[in-house]
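Before any comments, here is the structure.
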Amino acid sequence: MATPYYLSQRPRRNRINASIRDLTQENRVTANDLIWPVFIKPGRQVNEAIKSMPGVSRMSLDVLEAQVCELMPLGLKALALFPIIEDSLKDSKATEAINKNGFLPESIKRLKDKFPELVLITDVAMDPYSSDGHDGIVENGKILNDPSLDILAQMACIQAEAGADIVAPSDMMDGRVGHIRQALDESSFSEVGILSYTAKYASCFYGPFREALDSAPKFGDKKTYQMNPANSLEALRELELDLAEGTDMVMVKPALAYLDIISQLKAHSTVPVAAYQVSGEYAQITLAAQAGIMNLEQARNEALISIKRAGADLILSYFTPEVLRSLR
Ligand code: PBG
């Protein structure tokens with residue numbers, strides 16, 4: 001007798017061949033799940049590689065537009081825009097962040113004009129514009145909450161006026177969602193949505209991003225506003241507040257090390273949940289693949305499906321272009 005005892009349950013039957021595995025697959029990553037974060041830089045024909053993120057570059061708009069033309073037919077739906085701001089324009093009040101004719105608003109106008117269907121998501125935080133490299137106003141070494149809210153609200157209105165579809169506050173100041181919502185509504189941008197970075201952790205996985213934007217804090221760290229990686233109840237508290245303040249979508253960031261937070265937010269949220277596979281997560285996979293340690297496509301796909309399985313409705317990923325190409 002081959003069978004040691006009678007087995008009526010054999011889960012392996014559903015894994016027996018590729019077709020049955022496809023039929024029984026519970027989760028999928030599709031083009032409709034993906035948001036492509038991009039680093040944009042003034043100029044023409046700029047395509048500067050970022051050393052810690054092989055395959056990702058700082059692009060001028062013409063280079064980005066060529067990519068968008070290729071990727072929209074493959075299902076690209078949305079960009080998250082991150083502008084690179086010249087050092088000479090940075091100051092302690094992030095004045096350039098509220099310049100209506102600044103690089104970001106001009107870029108939004110141009111992209112919206114060329115690609116009206118493309119969803120443009122813009123980051124609301126002071127760090128790329130701040131000489132201190134912090135997300136809010138700094139005074140005597142402290143990051144001030146309430147005075148930062150007005151600047152963030154102005155940023156959001158300028159981005160909305162330029163044509164942003166969704167503004168994404170990534171600053172983690174208390175009360176920013178409500179403050180931004182009210183400012184948008186008062187300026188007749190009630191149709192502009194908010195994707196709040198609800199559970200944004202103080203993470204070392206943002207390192208390559210800060211290199212890409214040259215936006216690392218000039219002193220200290222971001223632990224007085226971004227969340228402690230040890231905490232999860234606190235994420236639910238942030239979720240409650242953001243929902244009450246009127247957010248349209250919530251986000252967990254980073255993604256792979258915070259899958260439990262994604263599931264918890266998904267279980268408690270009445271709005272879609274996004275997850276940001278951040279720069280350090282991208283770097284881990286691409287650099288390990290370059291070193292011959294893991295297969296790039298397999299590692300990428302496994303990370304993305306895990307984020308989906310945990311409950312993310314949307315994923316911000318630097319892998320978006322390659323995934324869209326591979327889905328075709
Ligand atoms: C800006 C911001 C950061 C990221 C997105 N928006 C950096 C930070 O908070 O220091 C990180 C994204 C990534 O690492 O890919 N507040």
Side-chain angles (χ1 to χ4, degrees), residues 34-40 50-58 78-85 90 94 96-97 104 121-138 143 145 148-149 151-152 155-156 159 164 166-173 176-177 180 194-229 238 250-258 274-287 300 303-304 307 312 314-320:
L34 296 168
I35 295 168
W36 184 25
V38 292
F39 302 115
I40 52 174
I50 298 161
K51 242 176 92 190
S52 54
M53 300 175 74
V56 173
S57 55
R58 304 180 187 88
L79 298 181
L81 299 172
F82 295 99
I84 285 133
I85 305 299
K90 299 186 185 186
E96 182 60 15
L104 179 65
I121 303 174
T122 49
D123 197 65
V124 182
M126 287 168 55
D127 52 339
Y129 308 88
S130 148
S131 46
D132 298 306
H134 277 287
D135 294 20
I137 293 190
V138 179
I143 289 77
N145 196 85
S148 303
L149 295 180
I151 297 177
L152 297 166
M155 276 182 86
Q159 295 169 355
I166 297 174
V167 296
S170 69
D171 54 282
M172 289 302 276
M173 296 300 123
R176 84 263 209 229
V177 171
I180 289 171
I194 298 179
L195 162 57
S196 160
Y197 285 66
T198 296
K200 177 171 180 180
Y201 286 87
S203 170
C204 74
F205 287 92
Y206 310 149
F209 174 100
R210 293 177 188 170
E211 180 207 317
L213 288 193
D214 187 23
S215 65
K218 295 291 180 294
F219 69 89
D221 51 43
K222 298 192 173 186
K223 290 180 184 168
T224 67
Y225 44 109
Q226 298 180 350
M227 285 176 53
N228 180 346
E238 290 284 1
V250 295
M251 193 198 295
V252 175
K253 176 182 174 195
L256 205 61
Y258 297 83
Y276 198 147
Q277 182 186 48
V278 298
S279 55
E281 299 177 65
Y282 178 90
Q284 280 186 312
I285 293 174
T286 48
L287 294 172
R300 172 192 83 200
L304 289 170
I307 296 166
L314 295 164
I315 306 174
L316 287 88
S317 173
Y318 300 100
F319 288 118
T320 295

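First listed ligand is number 1; within each ligand, the first listed atom is number 1.
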Practice task
Pick one of side chain, backbone, both or neither for how Val278 approaches ligand 1, counting any non-hydrogen atom pair under 4.0 Å.
Solution key: both
Exercise for the section: Identify the two heavy atoms, one from Gln277 and one from Ala303, that lie closest to each other, and give their separation to 0.1 Å. Expected result: NE2-CB, 3.7 Å
Exercise for the section: Assess the side chains of Thr198 and Glu238: does a donor N or O sit below 3.5 Å from an acceptor N or O? Expected result: no
Problem - Under-4.0 Å salt bridge between Asp127 and Lys222 - result: yes
Handout entry: Option nearest atom 2 (C) of ligand 1 (shortest heavy-atom distance, choices Lys200, Arg210, Met126)
Key = Lys200
Exercise for the section: May I ask whether Gln277 places a heavy atom under 4.0 Å from ligand 1? Expected result: no
Completion exercise
Counting heavy atoms under 4.0 Å, the part of Asp171 that contacts ligand 1 is neither
Exercise for the section: Please work out which of the three classes, parallel, tilted or perpendicular, describes the rings of Tyr225 and His134, given edges at 30° and 60°. Expected result: perpendicular
Handout entry: Any Tyr282 heavy atom less than 4.0 Å from ligand 1
Key = no
Practice task
Would you check whether Glu281 reaches within less than 4.0 Å of ligand 1, judged by its heavy atoms?
Solution key: no
Exercise for the section: Determine whether the side chain, the backbone, both or neither of Ala125 has a heavy atom under 4.0 Å from any heavy atom of ligand 1. Expected result: side chain
Exercise for the section: Look only at interatomic distance and state if Tyr197 has a nitrogen or oxygen under 3.5 Å from any nitrogen or oxygen of ligand 1. Expected result: no
Practice task
May I ask you to check whether Phe39 and Tyr318 place their ring centers less than 6.0 Å from one another?
Solution key: yes
Practice task
State whether the number of non-hydrogen atoms from other residues, nucleotides or ligands found under 6.0 Å of Phe205 atom CZ is greater than 12.
Solution key: no
